[in-house]
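Let me begin by presenting the structure, written as C-alpha cells, before commenting on it.
When reading the values below, keep in mind they use all heavy atoms of this one structure, side chains included, and skip hydrogens, waters and symmetry mates.
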Amino acid sequence: MTTPIDFKAQLIAEFQLNETRLNGESRSSLHQRRRLALSRFEQLGFPTIRHEEWKYSNVKNLVSQEFNITPSAEISHDHLTSLEIPNLAGNILYFINGQYQPQLSTIVSPADEVEILTFAEGYKKYPALVEEHFAKYADDSNDAFTALNTAFAQYGAFIHVTKGKVVEAPIILRFISDARTENVAVQLRNLIIVEERASLKVAESFRTLGEFASFTNTVTEAFLGKEANYDHYKVQDESEKAFHIGTTQVHHNDKALSYDTTVTLNGGWVRNNLNLVMGGEYVEAHLTGLYLPNGKQHIDNHTLVDHAMPNSYSNELYKGIMFDKSTGVFNGKIFVREDAQKTNAYQSCKNVLASPDATMNTKPQLEIYADDVKCSHGTTTGQMDEEALFYLQSRGIPKDKGRALLMLAFAEDVVEKIKIPAIREYLESAIAKKVGEV
Amino acid sequence: MLKIENLQASIGEKQILKGINLEVKPGEVHAIMGPNGSGKSTLASVLAGREDYDVTGGSVLFEGKDLLELAPEERAAEGIFLAFQYPVEIPGVSTTNFLKTALNEIRKYQGQEPLDAVSFLKRMKEKMKLVNIDQSLLSRSLNEGFSGGEKKRNEVFQMAMLEPKLGILDETDSGLDIDALRIVAEGVNTLRDGERSFIVVTHYQRLLDYIVPDFVHVLYKGRIVKSGTKELALELEEKGYDWIKAEVDALV
C-alpha cells in the first residue's frame, strides 16, 4: 500500500523543483511575485467548509485525489473532433493540459490589432507590461487557489489590445484537460489588457477528454482602460470527474463597458469566482450566468461587484436549472463604497428545481456605504411553472416537450448575451439536448 | 360530438361539479352561465384536462372516445381547444414559434406531415386578419406584457390557427372593453362553420349579444339547473340569478 501523497506538499515540492531550473529568471520581479504567492498558499492551505466563502463547496474530494501536476500534452487533431464547435471562426487557440498547441491553433487577427501570445511568451516579449498588471487585480492574500495559481503562473494566454484598436475577430481560448490515461491537474493563467477605447471579445471554453479525473485551477485577469469595450464568455462543458476552480477578475477604468457571461453546461465540481472592481467612474458592467447541473454535479458561482467609484452601473442575472441530485450555490456580493454615489446596481438570481432532490443555496450580499444609490436584488428558487406547462399542453404540445421548451426559454435570457454566433448556436443546441434528454 | 354524463369533480376535499349532463352536437354553440362559484370554469378546466381537479365520477365522450383517459395534449390533438380566462405569459417563447410547435405536434398526432414554412406563414397571415392581430405582437414573447384585450385576441387567434372541432371559451369576455369584445366575438363567429362547436362560459349577457348561442345552460352549485334557448340568457339579464337560486334551493 502506498501512502497517499499530500497534495499541498506535492505542489510546493514541484514549485521548488521548478525554481532550480529557472536559471536567471528566478531573480525577476515576476518570479518574486510567484514566490510571495507560494508562501501565501503555504500559509493559507486549502480551505475547509468552516471558511465562510467555502461553506457549501467542499474541496475535500479534490485535495484527497492524486494528480499528475505536470501532465504531458500529446494529442493530434483527430482526438479533438468530438470537442469541436461547429462554424467557429476567429482566433482559436488550443491549450492541452495547459500547453499551447500552435499546430492546432489559428490566429487571424493582425499583430498590430491585437497581440495574442502565451503567458510565457508575453512575459518574454513585454516584461514591463506584464509586471505592471500581473497579480495586481486577482487578490491572492486570502484565496489559496488564486495564490497557488499565481505561484505557478506560466500556462495560458497573454492578450494585449493597444489604444483605440477594435479587434474584429473574437478570440476563443480552448482549454482541454486530457485525462485519457491519468488524473491531471493544470494551472492556467491568462492576462488580458484592453487599453483605452479598444474593444475585444474573448471566450474561454473548457472541455475534458477521457475518463480520469481532472483539476483545472484558472485565473484570468483583465485590465480595461478608459472607454474600453470587453466581452468575456466562459463556457464549461467538462466531465463528471472534472474539478474546476476559476477566478475571472476584471478591473475597470472610467467609462469601460464589460459583459461577462458564464455558462456551465457540465462539470463534476465547479467553483467560479467572477470579481469586478470598478476603479473608474461611469463604468457599465453586465454579469450573466447560467448553470444546468445534472446527476451529482456541483456548481458554485461567487460574484463580486465592487463599486469603488461613483456613477457606475452594474446589472447581474444568474439563472439555474437543477436536475437530479445536483447542488448549486450562488453568492452575489455587491459593495458600494462610501465614495460611490449615484451607483446603480442590480442583481437577480432565478432557479428552477427540475427535481425534488436538487438543492440550490443562494446568498445575495449587499454592502452599501453610500447614500445616493439605486440597488436591488432578488433571488427565486422554485419548481417549473405548472400553469405555463398546462397552457402548452392544452395547445397540443406534449408535457416533456413543453417542459424542454420552457427551460430553453428560461435559459435564453443568458445565452442571447453571447455575441459570438457560433458559440451561441453551440450552446443553444447543447442546452436543447440537455433539457430534452434529462 | 361531446357527451357529458353525470360528471363529478373536486379540488382537494371540495366537490365542485356534482353531476353535469350535457350534449353538444356538431355546429352548436352552448352558453354556460351561472353565478360566481357555480363551477363554470371548473367544467371548462376539467374538459381541457387540468390536473388540479380530480374527476370523481361520470363520463365524457368526445367523438366516441373517453376524453378523461387522455392527456391534455392528446385532447388538444383530438380537437379540443380551451381559450383561457387568464392566458399565461411565457417569456422567451414567441407566439409564432409556439404555434408552429403546437400545430406540428397536433399534425404528428394525427399522422400528418409537419406544415412547411410557406404554408404556415400563409395560414398565419389569413388568421391574423380574423382577429385583427399585429405581426409585431406575434414575434414577441407569448402574452408577455400584452394588454387584457391582446391576450384574449391571441387566444382566439390560436384557436383559429389550430382549427379545433370544439372551442371552449372560458370567460373570454372578462376584462374586455366593448371594442375588444366585438373583435373577439367576430373572430369566433367566423370560425362557426356549421361543423365546429363551441362552449361559451360567461358571466355576462354582453358576449352573447355578439356570439348568439343555440342553447343556454345555467350552472348552479355544480349542476345544470336550467337549460333553454338564447331567450333564457335575456331573461337572466333582466331578472338576475336569484329566481333560479330560489327555485333550486326550494327543491332541496
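The environment of B:Gln135 atom CD is dense: over 12 non-hydrogen atoms of other residues, nucleotides or ligands sit within 6.0 angstrom. Within a 6.0 Å sphere centred on NZ of A:Lys350, heavy atoms belonging to other residues, nucleotides or ligands number 12 at most. Around NZ of A:Lys296, the count of heavy atoms belonging to other residues, nucleotides or ligands within 6.0 Å does not exceed 12. B:Tyr109 OH: more than 12 foreign heavy atoms inside a 6.0 Å radius.
Here the closest heavy-atom approach between residue A:Gly396 and residue B:Ala76 is recorded as N-CB, 3.3 Å. The heavy-atom pair separating B:Val88 from A:Ala388 by the smallest distance is CG1-CA, 3.7 Å. For the pair B:Phe84 and A:Ser394, the tightest heavy-atom approach, listed with the atom from each and the gap, is CE1-OG, 3.4 Å.
Taking B:Leu82, B:Leu103, B:Asn104, B:Asn97 one by one and counting their heavy-atom pairs under 4.5 Å with chain A, the maximum is reached by B:Leu82. The candidate from B:Glu74, B:Gln158, B:Arg75 with the greatest count of non-hydrogen atom pairs under 4.5 Å with chain A is B:Gln158.
Neither the backbone nor the side chain of A:Glu412 comes within contact range of chain B; no heavy atom of the residue lies under 4.5 Å from a heavy atom of that chain. Contact of B:Pro164 with chain A is not made at all, since no heavy-atom distance falls under 4.5 Å. Of the atoms belonging to B:Leu99, not a single heavy atom falls under 4.5 Å from chain A. Looking at B:Arg50, both its backbone and its side chain come within 4.5 Å of chain A, counting heavy atoms on both sides. For A:Leu408, no part lies near chain B; criterion is any non-hydrogen pair under 4.5 Å. For a residue to count as touching a neighbouring chain, one of its non-hydrogen atoms must lie under 4.5 Å from one of that chain's; by this rule A:Lys401 touches chain B with the side chain only.
Atom-to-atom distance recorded for B:Glu51:CD and A:Lys399:NZ is 4.0 Å, nearest 0.5 angstrom.
Under a 3.5 Å cut-off, the side chain of A:Arg395 and the backbone N or O of B:Met159 do not form any donor-acceptor pair.
Side-chain contact between B:Ile90 and A:Leu405 is absent, with no heavy-atom pair separated by less than 4.5 Å.
A:Tyr391 and B:Phe98 have parallel rings, their planes meeting at less than 30° on a 0 to 90° scale where 60° marks the start of perpendicular.
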